[in-house]
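Working notes, beginning with the structure itself.
Here the structure is a predicted model, which means the values were calculated and not measured.
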Amino acid sequence: MALNPQLFPNWMPVPFTNELFVLARDGVELHVDKIPGTNQVKARGTVYLSNIRIVFVASKPVGNFVAFDMPLLYIHDEKFNQPIFHCNNISGFVEPVVPENEHRALYSTHSFKILFKEGGCGTFVPLFLNLISSVRQYNRQSNVGTEPRVDPLQAAQTPVDEMMRHAYVDPNDPTKIFLQQPNSECQLRRRTYHSQPVEHSN
């Protein structure tokens, strides 16, 4: 997890090197705990899903909370919930992205819930669950015998093209699938989760 990742002026997340955005979904609400300064946050906004992470961008800042970044490799115990009297939602936990010079004990695991407040979720949910499953499977195969603390950017190696070609599109779900990368004319790319300046790729 990373609080307030870098955003373009149009509020799209600045991509990492080799990151591919798969979809954007408006009309969602994020509930997340253990945010510095406010603890529990509830905010409405847009969710962006890529081959590396899921990024929530609030439509209006809540205190110092503007956006929340969840690496797919750090999400666990996620589940799709369909309560009778409330909105469909995805809930789960996400581990923090700990800077290399700091101890893990200083950072808490966050619980999160993404509520689908407008329209269906028949496009978003299967794509999210398939992508996170593919990322885990690919990471397991390529990291046999390595240490458990993995680089969240390793998820970028997961092939997503085939999955996107066969995506089911629910007419009741307002999710936008990216057939071409947004902001593709901009060459700005991040190289790491840790605080370093972004770079222009050539």
Here the salt bridge (Lys or Arg N to Asp or Glu O under 4.0 Å) pairs for residues 76-89, sequence neighbours left out, are Glu78-Arg136

Hits for ring pair (Phe, Tyr, Trp, His ring centres under 6.0 Å) against Phe93, two or more places apart or cross-chain, chain-then-number order -> His76

Q: Flag the pair Leu49 / Leu131 as yes when at least one side-chain heavy-atom distance between them is below 4.5 Å, and no otherwise.
A: yes

Applied to residues 121-133, the salt bridge (Lys or Arg N to Asp or Glu O under 4.0 Å) test, sequence neighbours excluded, yields none

Scanning both residues in full, the closest heavy-atom pair of Ala2 with Pro5 reads O-CD, 3.9 Å

Expected output: side-chain Glu19 to main-chain Phe16 donor-acceptor under 3.5 Å:
yes

Please evaluate residues Ile35 and Phe68 with respect to the criterion side chain to side chain contact (heavy atoms under 4.5 Å, CB included), reporting the C-alpha separation (whole Å), side-chain torsions for both, the decisive distance (0.1 Å), and the verdict.
CA-CA 10 Å; Ile35 298 297; Phe68 193 70; 3.7 Å; yes

*asked:* More than 12 heavy atoms of other residues, nucleotides or ligands under 6.0 Å from NZ of Lys113: yes or no?
replied: no

Discussion item. Main chain of Ala67, side chain of Asn4: is a donor-acceptor contact present, judged purely on distance under 3.5 Å?
Written reply: yes

Side chain to side chain contact (heavy atoms under 4.5 Å, CB included) filter on Lys42, not counting sequence neighbours, yields His31

- Can you get from Val125 to Leu127 by hopping between Ile, Leu, Val, Met, Phe, Trp and Tyr side chains that sit under 4.5 Å apart? yes

Closest heavy-atom pair, Val135 versus Asn51, reported as atoms and distance to 0.1 Å, is CG2-O, 3.9 Å

I'd like to know whether Tyr107 forms a side chain to side chain donor-acceptor pair (under 3.5 Å) with Glu95, so could you lay out the CA-CA distance, the side-chain angles of the two residues, the decisive distance to 0.1 Å, and finally the verdict.
CA-CA 9 Å; Tyr107 295 84; Glu95 298 299 325; over 6 Å; no

### Message
Do Met70 and Ile114 make a side-chain contact, defined as non-hydrogen atoms from C-beta onward lying under 4.5 Å apart?
### Response
yes

**Prompt:** Just by distance, do the side chain of Asp33 and the backbone of Ser111 share a donor-acceptor pair under 3.5 Å?
**Reply:** yes

The complete set of side chain to side chain donor-acceptor pair (under 3.5 Å) pairs with one or both residues in residues 58-67, sequence neighbours excluded, reads none

Correct closest heavy-atom pair for Pro15 and Arg53 would be CA-NH2, 3.9 Å

Would you call Glu118-Arg25 a salt bridge at under 4.0 Å N-O? no

Residue set satisfying ring pair (Phe, Tyr, Trp, His ring centres under 6.0 Å) with Phe116, at least two apart, ordered chain then number -> Phe124

What one should report as the nearest heavy-atom pair of Cys121 and Asn88 is SG-ND2, 3.7 Å

In short, Leu7 meets Pro13 closest at the heavy-atom pair CD2-CA, 3.7 Å

CD1 of Ile54 to CZ of Phe128, rounded to nearest 0.5 Å, is 5.0 Å

Contacts of Asp26 meeting salt bridge (Lys or Arg N to Asp or Glu O under 4.0 Å) (sequence neighbours excluded), chain-then-number -> Lys176

Across all chains, not counting sequence neighbours, the side chain to side chain contact (heavy atoms under 4.5 Å, CB included) partners of Ala43 are Val41, Phe56, Ala58, Val62, Phe65

So CG of Asp69 and OG of Ser50: to nearest 0.5 Å the spacing works out to 8.0 Å

Hits for side chain to side chain donor-acceptor pair (under 3.5 Å) against Ser133, two or more places apart or cross-chain, chain-then-number order -> none

With sequence neighbours left out, the residues meeting side chain to side chain donor-acceptor pair (under 3.5 Å) with Asn81 are Asn89, Ser91

Rounding to 0.5 Å, atoms CG (Leu73) and CD1 (Ile132) come to a distance of 8.5 Å

Using modelled atom types only, decide if a donor and an acceptor are shared between the side chain of Lys34 and the backbone of Gln40 within a distance under 3.5 Å. no

Distance col, row Ile90:CD1 vs Phe112:CZ, nearest 0.5 angstrom, shows 7.5 Å

*Decide yes or no for Leu23 and Tyr48: does some side-chain heavy atom of the first lie under 4.5 Å from some side-chain heavy atom of the second?*
no

